Amino acid sequence: MNGTHRDGDANGAVKHTTNGVNGKMGGLSELSLRTQSTDRRREASSNGLRTPTTPDSRRSSPNSTHSRKYSNPLAPPFIVSAPGKTIVCGEHAAVHGKAAIAAAISLRSFLLCTTLSKSKRIVTLKFSDIGLDHTWDIHDLPWSTFQHPTRKRKYYDLVTSLDKDLVDAMQPHIATVSPDSEPQARKILQAAASCFLYLFLSLGSESSPPCVYSMRSTIPIGQGLGSSASVSVCLATALLLQCRALSGPHPDQQSKEAEEQLERINRWAFVGELVIHGNPSGVDNTVATNGHAVLFQRKDYTKPPSVNILRDFPELPLLLIDTRQPKSTQVEVAKVGALKKKHPEVVERILDSIDAIVRSVFNIIETTDFESSSMEADAAITHLGEMMTINHGLLTSLGVSHPRLERLRYLVDQAGVGWTKLTGAGGGGCAISLLKPQARPTLDTDEYLNGEAATASAPSSSSQAQPNGSSLTALQKLEQQLEDEGFDRYATTLGGDGVGVLYPAIINDEEIDQEMFLTAEGREGIHDLVGGGSQGGAWKYWRP
């Protein structure tokens, strides 16, 4: 699916579709989300999820510590999840009009939506990882401004810029968010609150159901890993579900229908990114929505980028390593710009070489059948790894590496387990190491795999308890070295699923309530609680 160019602010992530679709979420008993008829005249401000519950769904065990609790049987709690992203190849060259490839990583954000009784008439944000806890009275919000006939948006509308009057109308309600926090922290908290409130006021109504929106994330913040886009996708998806503007995901969903649903999510997630960043490219929210990988290129900054979703990009085990070295994207981008101005012909050829790497990776992904032949797949993965190595060398020649990044690359090379390159702006920050085929079975990343990949690769408990082989020994030594030298390591995967839904919020016959969700400890605790997307098909994904 290719992005299309449009006038207005950057949103090459999606194309404009105007037809709604009907459907249901399969595999979730009778607790199904159902959309209403897609009459164009229907307001996006429909009331919340009106979903009947079954007798079984109300049953709880007397021996269970967390028995099921219902404040509103019409809308059981549900969770939305979306991935972060990393640049596989092409950073910095993309700033100068070349192509780049970004892919989803299995570090994800999770949004638990808990509908309250109708008498509450409040909406609450509980983003515990960043310390955001704020409540608004629904009736006090600026509905008259947002629902004015000249400004009211429908769920199927294409929004490529923010309405200044709407932004201004929100400000008194944002100013009360965390007023006593330190300025930098307050900026982050109010940006998150603004993202939610603009989407809520655009898609909801004064009769929207009262709800608590609780967010947890396993994505490091401020590392160029798409954490804000992941949050925007979660919020957009939840609000679209609550106003019945989405169907599915379900097993019988047609590819075109699933694609249309993802485009709708992506459009509104981009609006959230506009609120947070002002002028986003649309790439991060496209990856967080669709998963897998995207090829993108922006030759003209007055127009949106060209975006091509690579749905055949395989899910591959990956080491994401944080050097813990602070970096500045602005400084690193300026550094390359200055070098290009001083040595235009040389730098342009380096950028062309990076572009050629991107095209080579794109071609190998497009022409490889990763499921039919392990030999062919391994050759393609090796090709990808070699291109990453060359890409890193070219980025180093542009001056955007750092001694910590080079030390990290040396350690991985010495261990012989993968191919490493910096990701993002460089100058510190993070690097990614794609594991070599012979090292992949030894890394315990299965708990972080999404959907089908998790089910297909689940090893036996005995194989996890007592792995063996020289590759594992090398990997274990590498992990210890990374820890000893102060690197933060994240076991993750590259190229997995995009936005997913756990509806209702039940794993292993136990409902995930707000207390359990907010008090889960660390990344592992969150994944253990929500299943990491691998709990026997409980999580559902739109898969065109």
Side-chain angles (χ1 to χ4, degrees), residues 77-86 102-114 125-133 188-189 191-196 199-200 211-241 262 265-266 268-273 275-277 280 283-291 320 430 447-451 490 492-493 496-503 505 507 512 514 516-534 539-542:
F78 67 97
I79 301 176
V80 178
S81 174
K85 76 92 175 61
T86 188
I105 55 175
S106 59
L107 300 178
R108 303 175 71 91
S109 297
F110 299 90
L111 179 69
L112 171 66
C113 304
T114 308
L125 298 184
K126 289 184 176 292
F127 292 11
S128 60
D129 295 322
I130 59 173
L132 175 59
D133 189 339
I188 294 172
L189 298 174
S194 297
C195 173
F196 166 80
L199 293 176
F200 181 69
C211 188
V212 178
Y213 299 91
S214 305
M215 180 73 72
R216 299 297 306 272
S217 182
T218 64
I219 306 169
I221 297 174
Q223 296 294 334
L225 299 174
S227 58
S228 69
S230 176
V231 169
S232 294
V233 169
C234 287
L235 291 172
T237 304
L239 293 170
L240 286 166
L241 285 169
L262 289 171
I265 292 168
N266 204 9
W268 284 103
F270 178 76
V271 174
E273 284 284 86
V275 176
I276 296 173
H277 296 295
V283 171
D284 284 11
N285 51 275
T286 302
V287 175
T289 300
N290 292 276
L320 173 67
C430 292
E447 62 182 297
Y448 299 104
L449 292 172
N450 295 314
Y490 304 96
T492 182
T493 61
D497 278 303
V499 61
V501 181
L502 179 65
Y503 187 96
I507 291 288
I512 299 172
Q514 193 178 122
M516 297 163 61
F517 186 74
L518 292 175
T519 58
E521 294 187 9
R523 291 178 175 85
E524 290 186 4
I526 297 169
H527 273 280
D528 288 344
L529 178 65
V530 301
S534 62
W539 281 92
K540 302 297 179 185
Y541 302 90
W542 286 271

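Since this is a predicted model, take the numbers as computed values, not measurements. Values reported hereafter were calculated over all heavy atoms of this structure, with side chains retained and with hydrogens, waters and symmetry mates removed.
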(message) Please give me the minimum heavy-atom distance between Leu199 and Ala236, naming the atom from each residue.
(response) CD1-N, 4.1 Å
(message) Can you classify the ring geometry of His527 versus Phe110 as parallel (below 30°), tilted (30 to 60°) or perpendicular (above 60°)?
(response) perpendicular
(request) Compare all side-chain heavy atoms of Leu502 with those of Ser81 and state whether any distance is below 4.5 angstrom. (result) no
(request) Indicate the atoms forming the closest heavy-atom contact of Val499 with Tyr541, along with that distance. (result) O-CD2, 3.5 Å
(request) Kindly indicate whether the side chain of Asp284, heavy atoms from C-beta on, has any atom under 4.5 Å from the side chain of Ser232. (result) no
(message) Using only atom types and a distance under 3.5 Å, with no angle test, would you say the side chain of Arg216 pairs donor to acceptor with the backbone of Ala520?
(response) yes
(message) Let me confirm one number: the NZ-CG distance from Lys540 to Asp497, rounded to the nearest 0.5 Å.
(response) 12.0 Å
(request) Over all heavy atoms of both residues, which pair between Arg108 and Ser106 is shortest? Give the atoms and the distance, please. (result) CG-O, 3.2 Å
(request) Before giving the answer on side-chain contact (heavy atoms from CB on, under 4.5 Å), spell out for Trp542 and Thr289 the whole-Å C-alpha distance, their side-chain angles and the decisive distance to 0.1 Å. (result) CA-CA 9 Å; Trp542 286 271; Thr289 300; over 6 Å; no
(message) Within the 4.5 Å heavy-atom criterion, are Ile276 and Glu273 side-chain neighbours or not?
(response) yes
(request) Going by the side chain to side chain contact (heavy atoms under 4.5 Å, CB included) test, name the single residue among Asn290, Asn266, Val271, Ile265 that passes it with Asn285. (result) Asn266
(message) How long is the straight-line distance from CG of Leu239 back to CH2 of Trp268, given to the nearest 0.5 Å?
(response) 10.0 Å
(request) Could you grab the distance from atom CG of Leu125 to atom CG of Leu235, nearest 0.5 Å is fine? (result) 7.5 Å
(message) Measuring only between side-chain heavy atoms, which start at C-beta, is Ile512 closer than 4.5 Å to Pro77?
(response) no
(message) With a 4.5 Å cut-off on side-chain heavy atoms, are Pro83 and Val287 touching?
(response) no
(request) State the CZ-OG distance between Arg523 and Ser217, to the nearest 0.5 angstrom. (result) 7.5 Å
(request) Compare every heavy atom of Cys430 with every heavy atom of Leu320, then report the nearest pair and how far apart it is. (result) CD1-CB, 4.1 Å
(message) Return the NZ to OG1 distance between Lys126 and Thr114, rounded to the nearest 0.5 Å.
(response) 10.5 Å
(message) Which residues pass the ring-ring contact (aromatic ring centres under 6.0 Å, His included) test with Tyr213, not counting sequence neighbours?
(response) Phe196
(request) Kindly give the heavy-atom pair with the smallest separation between Ile105 and Lys85, and that separation in Å. (result) CG1-N, 3.7 Å
(message) Would you say that Ile130 contacts Leu189 through its side chain, given a criterion of any heavy-atom pair below 4.5 Å between the two side chains?
(response) yes
(request) Using a 4.5 Å cut-off on heavy atoms from C-beta on, say whether the side chain of Val80 contacts that of Leu241. (result) yes
(request) Determine the minimum heavy-atom distance between Ser109 and Cys234, stating which atoms define it. (result) O-SG, 3.6 Å
(message) Taking the side chain as everything from C-beta on, heavy atoms only, tell me whether Phe517 gets closer than 4.5 Å to Val530.
(response) yes
(message) Nearest 0.5 Å, please: how far is OG1 in Thr237 from CD1 in Ile79?
(response) 13.5 Å
